[in-house]
Asks: 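Have a look at the structure that comes next, please.
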Amino acid sequence: MDVPGGSYIFFGLMAALFGVIAASYLRRLLTVLRTLRRGVRTTGECSRVTYPDRDSDAKDHYFTFRTGDGREVEFKDLANWTMSKGTQVTVAYDPADPERTATIASRSNWAPVRLGLVVVTGCGLACLLFLTLLFYEITG
């Protein structure tokens, strides 16, 4: 069944979806890089590993640490798939907003940066692909 304008809607929605994902991960990636340059460092640990989808090997890693004023903070970050509960990590964070800026990225652990770059690049390219297809569909 051919829906008039259906390809416009499809290409537009796919470009928007991949664009939003790329922008979200780019924002997090820039926060991580800024925190690595200017953040405070402390020791933390992997507090839990969850599997958000029973049918997948994907894992969510959660880390905890104590700020300089003694407050305990838990955050989720991208990590190597081999990381397990109880693993000690170095945490970098901005004391003004530790919940949003905490990261386990460091000179010895680039997983959050590497994985963020992969997602930003892949989703950014997919967005550009669908925008190009939409353009060619519109212009004939």
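Keep in mind that this is a model prediction, so the values were computed, not measured. Side chains are part of it too, since the values below use all heavy atoms of this structure and drop only hydrogens, waters and symmetry mates.
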Asks: Can you name the closest pair of heavy atoms from S7 and E137 and give their distance?
Replies: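 Scanning both residues, the minimum pair turns out to be OG-OE2, 3.1 Å.
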
Asks: Test of understanding: clusters of I, L, V, M, F, W, Y form through side-chain heavy atoms closer than 4.5 Å, transitively. Do V20 and L133 belong to the same one?
Replies: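 No, separate clusters.
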
Asks: Got more than 12 heavy atoms from elsewhere within 6.0 Å of CZ, R41?
Replies: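 Yes, CZ of R41 has more than 12 neighbouring heavy atoms, counting only those of other groups under 6.0 Å.
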
Asks: Relative to each other, are the rings of F10 and F130 parallel, tilted or perpendicular (30° and 60° limits)?
Replies: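 Taking F130 first and then F10, their aromatic rings stand perpendicular (interplane angle over 60°).
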
Asks: Under 4.5 Å between any side-chain heavy atoms of R48 and E74, yes or no?
Replies: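 SC-SC contact between R48 and E74 confirmed.
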
Asks: May I ask you to test the N80-R114 pair for a side-chain heavy-atom distance under 4.5 Å?
Replies: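 A side-chain contact under 4.5 Å exists here.
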
Asks: Can the ring centroids of F65 and F75 be said to lie less than 6.0 angstrom from one another?
Replies: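 F65 vs F75: aromatic centres under 6.0 Å.
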
Asks: Determine, using the 4.5 Å side-chain heavy-atom cutoff (strictly less than), whether F11 and F135 are members of one ILVMFWY cluster.
Replies: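 No; tracing contacts between hydrophobic side chains, which count when under 4.5 Å, never links both residues.
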
Asks: Judged by atom type as modelled, is there a donor-acceptor pair below 3.5 Å linking the side chain of T87 to the main-chain atoms of S84?
Replies: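 Flag set: sc T87 to bb S84 pair under 3.5 Å.
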
Asks: Please find the pair of heavy atoms, one from L134 and one from G12, that lie closest to each other, and give the distance.
Replies: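 So the two residues come closest at CD2-CA, 4.1 Å.
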
Asks: Answer yes or no: is there a side-chain heavy-atom contact under 4.5 Å between L36 and W110?
Replies: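 L36 reaches W110 side chain to side chain.
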
Asks: Please examine the side chains of L78 and H61, heavy atoms only from C-beta on, and report whether any two atoms are closer than 4.5 Å.
Replies: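 Heavy-atom side-chain distance check fails, nothing below 4.5 Å.
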
Asks: Can you tell if the side chain of R28 reaches within under 4.5 Å of the side chain of L30, non-hydrogen atoms only?
Replies: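 No, every pair of side-chain atoms sits at 4.5 Å or beyond.
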
Asks: Any idea which heavy atoms bring G68 and Y93 closest together, and the distance?
Replies: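 Looks like N-OH, 3.2 Å.
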
Asks: Among all residues two or more places apart in sequence or in another chain, which pass the side chain to side chain contact (heavy atoms under 4.5 Å, CB included) test with T121?
Replies: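 Per chain and number, T121 pairs via side chain to side chain contact (heavy atoms under 4.5 Å, CB included) with L125.
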
Asks: Which pair of non-hydrogen atoms, one from P52 and one from D60, has the smallest distance, and what is that distance?
Replies: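 Looking at all heavy atoms of both residues, the shortest contact is CG-OD2, 3.5 Å.
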
Asks: Linking I/L/V/M/F/W/Y whenever any side-chain heavy atoms sit under 4.5 Å apart, do L13 and Y8 land together?
Replies: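 As far as the 4.5 Å side-chain criterion goes, Y8 and L13 are not connected within one cluster.
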
Asks: Report, as yes or no, whether the 6.0 Å neighbourhood of atom OH on Y51 holds more than 12 heavy atoms from other residues, nucleotides or ligands.
Replies: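 Not buried by this count: 12 neighbours or fewer within 6.0 Å.
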
Asks: Assigning hydrophobic clusters by single linkage (Ile, Leu, Val, Met, Phe, Trp, Tyr; side-chain heavy-atom cutoff under 4.5 Å), is L17 placed with V120?
Replies: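 As far as the 4.5 Å side-chain criterion goes, V120 and L17 are connected within one cluster.
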
Asks: Can you name the one residue among V91, V40, V73 that meets side-chain contact (heavy atoms from CB on, under 4.5 Å) with P98?
Replies: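 Among V91, V40, V73, the one that satisfies the side-chain contact (heavy atoms from CB on, under 4.5 Å) with P98 is V73.
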
Asks: Go through the side-chain N and O atoms of T35 and D94 and say whether any donor and acceptor fall under 3.5 Å apart.
Replies: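 No.
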
Asks: Can you name the nearest heavy-atom pair linking F18 to C127, along with the distance?
Replies: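 Scanning both residues completely, I find the closest heavy atoms to be CB-N, 3.8 Å.
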
Asks: Taking all heavy atoms of G124 and all of A22, pick out the closest pair and write down the distance.
Replies: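 Closest heavy-atom pair between G124 and A22: N-CB, 3.8 Å.
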
Asks: Check whether T103 reaches the backbone of A92 with its side chain - one donor and one acceptor, N or O, closer than 3.5 Å.
Replies: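 No.
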
Asks: Please tell me if the side chains of T42 and R66 come closer than 4.5 Å, counting only heavy atoms from C-beta onward.
Replies: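 No - every pair of side-chain heavy atoms lies 4.5 Å or more apart.
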
Asks: Is there a chain of hydrophobic side chains (I, L, V, M, F, W, Y, each step under 4.5 Å between heavy atoms) that links L117 to L33?
Replies: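 Yes, L117 and L33 fall within the same hydrophobic cluster.
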
Asks: Does any part of the side chain of C46, heavy atoms only, come nearer than 4.5 Å to the side chain of V89, both counted from C-beta?
Replies: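 A side-chain contact is absent here, since even the closest heavy-atom pair is not under 4.5 Å.
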
